[in-house]
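Only one structure is covered here, and it is reproduced in the block below.
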Amino acid sequence: MLLIFIGWQILAIIAVKTKNMRFYHKMLKLSQDTGLRINFFSENQPISKKHFDLIITTDKINAGEENKKIIHLSYENLGDNTIPTLIGLIARNHTPRFKKMVIGIDPGENIGIAAICDGMILSAKTISLEGLINTIQSFLLTFPSEIIIIRIGDKPLSISMVIFNKLFHIFQQIPKIHLEIVNEVASNIKTTTSQQKYSLDEKAAITIGFREGQEVTHMVRNDIHPGRVKEIQNRSRELSGNLTLDSKLAKMVALGKISMLDALKVKTEQNNNKKST
């Protein structure tokens, strides 16, 4: 079984029932450095549902045995998101669920984002600007919490302000969600054993998540700096070989309204239309 701890409190007990030892050892590897403890149950051992919050089995579940507490997983299903997803499934049935989730965001060409629930790092990813909202919504569904604090690093300023305004526009009406801007000056990213698997962007997001920020309750001024437009135009040439986005398309990319690849497609169509007329 898995014992999930928050502080001194046991959050959940999960029984893992399998005859597949590769599955068992993979579960051990995924749960290391997370504060989880695993005990093994063979396929012949009976398990009382009332003693566990969740039962994981590698055997197929018969129609008559379907239950919210029993899920089927195979070895191929196991990945970096397995443990956080299981915790999220259990948390949905608990009151209170997580007391506080902090989402740390490191702005940049590649955006680092991390979900920290009651002090536990449950997920960290590297994403694009256009995928930011979907990722946050996924965190909200997977890790339901009483309070959500979204902390955004302030560097680089042009991208940070775009991200803040984008999130403020969508989440301002939800009372339990608070937006903060975090000062990244003299930021040192400390790597622990459990964080070695994360990229630099993800480590930065984790650092931002653990740092107190300044809550902001209004839209912030965001003028796309000419340097940012030029940066995107240079990047468009690198990706396409010889195609340069005009300033209007580059600004749309900067604001996250369109992806770089989609902007290049639009520019290509514009050029083709000009040639045909």
Side-chain angles (χ1 to χ4, degrees), residues 1-7 9-99 101 103 113-127 131 134-145 148 192-199 202 205-206:
M1 61 183 172
L2 296 174
L3 299 182
I4 303 171
F5 293 88
I6 295 181
Q9 180 183 3
I10 295 177
L11 174 65
I13 304 177
I14 304 177
V16 178
K17 186 174 184 179
T18 183
K19 59 184 177 183
N20 185 336
M21 296 308 295
R22 289 179 67 227
F23 180 93
Y24 170 63
H25 288 298
K26 185 69 176 289
M27 288 289 290
L28 282 175
K29 184 176 180 180
L30 289 173
S31 62
Q32 68 182 4
D33 297 322
T34 63
L36 309 185
R37 190 172 73 212
I38 298 181
N39 287 341
F40 171 74
F41 286 80
S42 70
E43 70 273 21
N44 297 320
Q45 288 180 276
I47 299 178
S48 174
K49 294 184 180 68
K50 67 180 181 180
H51 293 150
F52 299 94
D53 295 280
L54 193 66
I55 298 172
I56 301 171
T57 177
T58 53
D59 295 329
K60 291 184 178 180
I61 301 173
N62 298 324
E65 296 178 344
E66 291 178 354
N67 189 294
K68 287 184 178 180
K69 279 192 173 184
I70 303 175
I71 65 170
H72 171 265
L73 286 178
S74 66
Y75 180 84
E76 291 72 21
N77 295 142
L78 300 180
D80 289 339
N81 291 326
T82 298
I83 299 301
T85 300
L86 294 178
I87 295 174
L89 287 173
I90 296 167
R92 293 177 194 177
N93 298 320
H94 280 233
T95 302
R97 298 164 182 178
F98 293 110
K99 291 184 178 180
M101 173 166 62
I103 298 176
I113 184 168
I116 304 166
C117 298
D118 293 342
M120 295 192 302
I121 304 166
L122 295 188
S123 184
K125 301 179 180 182
T126 301
I127 59 172
N134 285 341
T135 301
I136 291 175
Q137 289 174 336
S138 174
F139 285 165
L140 297 179
L141 289 172
T142 306
F143 313 120
S145 307
I148 297 99
T192 63
T193 302
S194 63
Q195 293 181 27
Q196 289 178 352
K197 61 182 178 181
Y198 299 124
S199 70
E202 292 160 358
I206 292 168

Could you grab the distance from atom [atom1] of [X] to atom [atom2] of [Y], nearest 0.5 Å is fine?
X    : Y    : atom1 : atom2 : result
N44  : K17  : CG    : NZ    : 7.5 Å
I148 : I103 : CD1   : CD1   : 7.0 Å
I70  : I55  : CD1   : CD1   : 5.0 Å
I56  : M27  : CD1   : CE    : 4.0 Å
M101 : L140 : CE    : CG    : 4.5 Å
M21  : L28  : CE    : CG    : 8.5 Å

Review point. Quick one: side-chain hydrogen bond (donor to acceptor under 3.5 Å, both in side chains) partners of N77, sequence neighbours excluded?
Key: S74
Point to revise | Non-neighbouring partners of T58 that pass side-chain hydrogen bond (donor to acceptor under 3.5 Å, both in side chains), sequence neighbours left out | key: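 Per chain and number, T58 pairs via side-chain hydrogen bond (donor to acceptor under 3.5 Å, both in side chains) with T18.
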Check your understanding: Do you know the tightest heavy-atom contact between F52 and I14?
Key ->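 So the minimum-distance heavy-atom pair works out to CD2-C, 4.1 Å.
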With [X] via side-chain contact (heavy atoms from CB on, under 4.5 Å) - residues at least two apart:
X    : answer
T135 : I113, K125, I127, F139
A114 : A124, A205, I206
Q45  : F41, S42

Check your understanding: Has the side chain of S145 got a donor or acceptor atom that lies under 3.5 Å from a matching backbone atom of F143?
Key -> yes
Exercise for review: Could you list the residues that satisfy ring pair (Phe, Tyr, Trp, His ring centres under 6.0 Å) with F23, not counting sequence neighbours?
Suggested key: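 For F23 there are no ring pair (Phe, Tyr, Trp, His ring centres under 6.0 Å) partners, ignoring immediate neighbours.
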